S.K.: 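Before we start, here is the structure in question, set down as structure tokens.
It should be emphasised that the depicted structure is a prediction, and the values quoted were computed from it without experimental measurement.
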Amino acid sequence: MNTAPMDADYTPRYIRLARLLRGCIEDGTYPLGSLLPSASRLAEVHTVSKATARHALQILAKSGHARHIESKPHQVIWRQARHAENLR
């Protein structure tokens, strides 16, 4: 018998955070060229560990939504038009 609640989300927290941040990038909350919050700030705001926040930022870098510059926060590099071209 399954006793888990129907709305339980077993997706790892770093993936949920990466999805949230990706959504904020895609809806313009974090526009092209802006800096994302640091892993420390993300950890504090979203009540996750710094490692979880760093992992989420790494996912955004791998997906082409952000880039990491040494000793600086991640910068948004995703553009709506570029994403649309990739879908064709």
S.K.: Is a side-chain N or O of Q75 found less than 3.5 angstrom from the main chain of G33, in a donor-acceptor match?
M.R.: yes

S.K.: First locate atom CG of L60, then atom CD1 of I77, and finally report the distance between them rounded to the nearest 0.5 Å.
M.R.: 10.0 Å

S.K.: With clusters defined by side-chain heavy atoms of hydrophobic residues (ILVMFWY) lying less than 4.5 Å apart, directly or transitively, does V48 cluster with L57?
M.R.: yes

S.K.: Are L20 and H46 side-chain neighbours, meaning at least one heavy-atom pair lies under 4.5 Å?
M.R.: yes

S.K.: Do the ring planes of H68 and H74 sit parallel (below 30°), tilted (30 to 60°) or perpendicular (above 60°)?
M.R.: tilted

S.K.: So, does R22 use its side chain to make a donor-acceptor pair with the main chain of H65 at under 3.5 Å?
M.R.: no

S.K.: State plainly whether one hydrophobic cluster holds both W78 and L36, where clusters connect Ile, Leu, Val, Met, Phe, Trp and Tyr through side-chain heavy atoms under 4.5 angstrom apart.
M.R.: yes

S.K.: Please evaluate residues R16 and T52 with respect to the criterion side chain to side chain contact (heavy atoms under 4.5 Å, CB included), reporting the C-alpha separation (whole Å), side-chain torsions for both, the decisive distance (0.1 Å), and the verdict.
M.R.: CA-CA 10 Å; R16 285 187 275 162; T52 296; over 6 Å; no

S.K.: I'd like to know whether R41 forms a side chain to side chain contact (heavy atoms under 4.5 Å, CB included) with V45, so could you lay out the CA-CA distance, the side-chain angles of the two residues, the decisive distance to 0.1 Å, and finally the verdict.
M.R.: CA-CA 6 Å; R41 182 70 180 139; V45 169; 3.5 Å; yes

S.K.: Measure across R19 and T11 and return the closest heavy-atom pair with its distance rounded to 0.1 Å.
M.R.: NH1-CG2, 3.8 Å

S.K.: If you look at every heavy atom in R54 and A39, which pair is closest and at what distance?
M.R.: CG-CB, 3.5 Å

S.K.: Are Y14 and Y30 connected into the same hydrophobic cluster when the rule is that any two of I, L, V, M, F, W, Y join if their side-chain heavy atoms are below 4.5 Å apart?
M.R.: no

